2 protein chains.
Amino acid sequence: MRISQLSAESGVPIPTIKFYLREGLLPQGEQTSATRAEYDQSHLRRLRLIRALLEVGRLPVATIRKIIEAVQDEETDIHDMLGTAHYALSPAPEPAPDDADWRDAREMVDHLVADLDWDRVQPDAPTRDELAQTLVTLKHLGMPVTRDELLPYAKAADTLVREHDIRKIPLDGPRDTAVEALVICQVLYGKAFDAMRRLAQESESARHFGFRPSDDCAGVTPRKGPEA
Amino acid sequence: MRISQLSAESGVPIPTIKFYLREGLLPQGEQTSATRAEYDQSHLRRLRLIRALLEVGRLPVATIRKIIEAVQDEETDIHDMLGTAHYALSPAPEPAPDDADWRDAREMVDHLVADLDWDRVQPDAPTRDELAQTLVTLKHLGMPVTRDELLPYAKAADTLVREHDIRKIPLDGPRDTAVEALVICQVLYGKAFDAMRRLAQESESARHFGFRPSDDCAGVTPRKGPEA
DNA sequence: CGATATTGGCAAGTAGTACTATCCAGATAT
DNA sequence: ATATCTGGATAGTACTACTTGCCAATATCG
């Protein structure tokens, strides 16, 4: 397959494909001559992964590259590869705020990790800091979170991952396939869950404010329109 | 409170505050003279909200402005205000892909909404399209999702929203407080949940690949270090 | 009263991200 | 043999979220 075909089948413009090649997101095709290279299904697959992580996952190119580099490095064992993938997905937290609120939050996170038996999580995993940072922010916004409030969310996350996410990952297949599936699962199911939470919240908040289904579809509630 | 104090208490530089004022994210202070304006706690509170949505929620400034404009517009009733807030949180989906995969996905979403009794969700809510788009992407990546697989996620979202999220929103207070709480809850609890899912996944995937807790903390597993 | 600092307001500039356009010489296709 | 395509390189673009610089009008302080 040549670059024009790769572009046609993926819907990604040729200059953009060249850009991904330069950036190391997409491996070089097999050079058949000085001015020709051959691409295959793996390139198409990779291209679709890149677009999914960019467009749906909104991951920066640099993050996608980190993940891809870890996958491609044959030296890295699968554990470090998974670690790299997970940590790349944590937006870099600003270094050590180091005040009382932050230490409290971080302690709560560590307790939570222990309570949920997430004992394989590294003690210095950036995800812990990320969660702590979010809890601090909630507190500063006047919506402090207690451990009891957080626990049901953590349990739901745990159940979904253990009973569903992990089953979708081919644990016995080749390592790059496993990491790829893990990242897709993490990012896209995350997006899907987020959308569902928004649907639930839209329905539930409307219910609490006393609106009936299709009230304003029927035009009963006046809305700002061209003629209103 | 003057702008310098607002800056000092929030940690946001003065030029950035001026920028937010220009952009309409922060309401003007009360002008006491041609070159002086007075700010109060509401400005500080708003500033913290902006920073939380920007830094933790990674929402674009334009989205934050949309939400804030809806809150400030006294004409808008609370239902439309909530709608605006929810829809601003859906990244604008590209218009009508209109192929078979997309229609299937959209149908699955509509079934899901019906099954979960999310009957206050508008039939044309962009969140439906957003979820459908994510399902299509998953299919194109070779990880198609069935209704049975999606259902547990939807149920978890529903339970969390109905039993926890909604309780944190002051439904009887002033309308701007309610919308603000709703947005904070949606965005920050979303982030927190995402982090917890990542923690669960890190622990669970390590477990499946046969790693023990603190295996590599003790240096048993050789890692790429300065001396390795 | 006068020196210094602060404020609001505006215009222009900057850094980072994700492309996009242009050009080129060397293949290939027809 | 002529038109098209390819890889490679460089430069430019559009957008976002600030940041800088400047100004004249106050405040503030000695």
Side-chain angles (χ1 to χ4, degrees), chain A residues 1-40 43-44 46-68 88 91-92 94 187, chain B residues 1-40 43-44 46-68 88 91-92 94 187:
Chain A
M1 192 192 301
R2 293 194 266 302
I3 202 172
S4 53
Q5 223 175 326
L6 195 57
S7 167
E9 294 208 28
S10 63
V12 179
I14 292 178
T16 305
I17 295 177
K18 286 184 173 185
F19 170 72
Y20 293 155
L21 286 166
R22 272 202 307 284
E23 293 290 305
L25 300 191
L26 198 59
Q28 302 289 339
E30 204 196 336
Q31 295 271 143
T32 59
S33 85
T35 61
R36 205 109 325 181
E38 189 70 14
Y39 303 93
D40 58 26
H43 293 90
L44 190 52
R46 168 65 59 81
L47 208 39
R48 283 203 257 258
L49 175 66
I50 293 168
R51 297 305 285 196
L53 296 183
L54 271 173
E55 291 172 3
V56 182
R58 318 234 142 203
L59 297 188
V61 165
T63 300
I64 300 175
R65 185 173 42 225
K66 268 185 223 156
I67 295 171
I68 282 172
E94 57 266 34
V187 174
Chain B
M1 193 191 302
R2 295 196 267 301
I3 202 173
S4 53
Q5 224 175 323
L6 195 57
S7 167
E9 295 208 28
S10 63
V12 179
I14 292 179
T16 306
I17 295 178
K18 286 182 172 186
F19 170 71
Y20 294 156
L21 286 166
R22 273 203 305 285
E23 292 290 305
L25 299 191
L26 199 58
Q28 302 289 340
E30 203 195 334
Q31 295 272 145
T32 59
S33 86
T35 62
R36 208 112 317 187
E38 189 68 15
Y39 303 93
D40 58 24
H43 292 92
L44 190 52
R46 169 64 59 81
L47 207 39
R48 282 203 256 260
L49 175 66
I50 293 168
R51 297 305 285 196
L53 296 182
L54 271 173
E55 290 172 3
V56 182
R58 319 234 142 201
L59 297 187
V61 165
T63 300
I64 299 175
R65 186 172 42 226
K66 268 186 223 157
I67 294 171
I68 282 171
E94 57 266 33
V187 173

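Everything numeric in this text was worked out from a predicted model, so none of it was measured. Just so it is clear: chains get the letters A, B, ... in the order the sequence lines come, proteins before strands, and each one is counted from 1.
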* Taking only side-chain nitrogens and oxygens of B/S33, does any of them come within less than 4.0 Å of OP1 or OP2 of D/dA27? -> yes

* Structure fact -> B/F19 CZ to D/dC18 P, in whole Å, measures 6 Å

Pairs of donor and acceptor atoms involving the side chains of residues 2-11 of chain A, under 3.5 Å and at least two apart or interchain, shall be tabulated with distances.
residue, atom, partner, partner atom, Å
A/S7, OG, A/V12, O, 2.7
A/S10, OG, A/L6, O, 2.7
A/S10, OG, A/S7, O, 3.4
A/S10, OG, A/V12, N, 3.2

* **Side-chain touch B/H43/B/Y20, heavy atoms, less than 4.5 angstrom** => no

* **Expected output: side-chain B/R65 to main-chain B/E23 donor-acceptor under 3.5 Å** => yes

* To do: State whether the distance check finds a donor on one side and an acceptor on the other, under 3.5 Å, for side chain A/R65 versus base C/dT17.
  => no

* To do: Name all residues meeting the side chain to side chain donor-acceptor pair (under 3.5 Å) criterion together with B/E38; count only those two or more places apart in sequence or in a different chain, and write none if there are none.
  => none

* Asked: Rounding to a whole Å, what distance do you find between A/M1:CE and D/dC5:P?
  -> 18 Å

* In whole angstrom, give the distance that lies between atom NZ of A/K18 and atom C1' of C/dC19. => 14 Å

* To do: Mind running side chain to side chain donor-acceptor pair (under 3.5 Å) on B/R46 and B/Y39 for me, showing each step along the way?
  => CA-CA 11 Å; B/R46 169 64 59 81; B/Y39 303 93; over 6 Å; no

* Closest-nucleotide ordering on DNA chain D, the 5'-leading residue of A/R22 and B/R36 -> A/R22

* Nucleotide nearest A/A34 (side chain, heavy atoms from C-beta), chosen from D/dC18, C/dG8, C/dG26 -> C/dG26

* Proximal nucleotide (of D/dA17, D/dT10, C/dG9) relative to the B/L54 side chain -> D/dA17

* Structure fact -> A/P15 has its side chain closest, among C/dT20, D/dT19, C/dG9, to C/dT20

* Asked: For A/L26 and D/dT6, what is the distance between atoms CG and C1' respectively, to the nearest whole Å?
  -> 15 Å

* Asked: Hey, does A/Q28 reach any base, or is it just sugar-phosphate, or nothing, if we go heavy atoms under 4.0 Å?
  -> sugar-phosphate

* Kindly say if B/Y39 contacts the phosphate of C/dG8, meaning a side-chain N or O under 4.0 Å from OP1 or OP2. => yes

* OP1 or OP2 of D/dA17 sitting under 4.0 Å from any side-chain N/O of B/Y20? -> no

* Per the end-axis method with five pairs at each terminus, what is the bend angle of the helix from C/dC1-D/dG30 to C/dT30-D/dA1, to 10°? -> 0°

* Asked: To the nearest angstrom, how far is B/Q31 atom CD from D/dA25 atom C1'?
  -> 12 Å

* Is there a donor and acceptor pair, one atom on the side chain of B/R2 and one on the base of D/dT28, closer than 3.5 Å? -> no

* Asked: What's the spacing between A/L54 CG and A/I64 CD1 if we round to 0.5 Å?
  -> 3.5 Å

* Asked: Given atom CD1 of A/I64 and atom P of C/dA18, what is their separation to the nearest angstrom?
  -> 8 Å

* To do: Mind calculating the distance between CG (B/L6) and P (C/dT6) to the nearest angstrom?
  => 16 Å

* Out of C/dA27, D/dT26, D/dC18, whichever nucleotide has its closest atom nearest the side chain of B/R51 -> D/dC18

* Could you check which of C/dA18, D/dG7, D/dC5 has an atom nearest any side-chain atom of A/S4? => D/dC5

* Structure fact -> From the candidates C/dC19, D/dA17, C/dG26, the one with an atom nearest any side-chain atom of A/T16 is C/dC19

* Gap separating the CD1 atom of B/I50 from the CD1 atom of B/I17, nearest 0.5 angstrom -> 9.5 Å

* Nearest 0.5 Å please: distance from the CG atom of A/L25 over to the CD1 atom of A/I67. => 10.5 Å

* Structure fact -> To the nearest angstrom, the CD1-P distance between A/I17 and C/dA18 comes to 17 Å

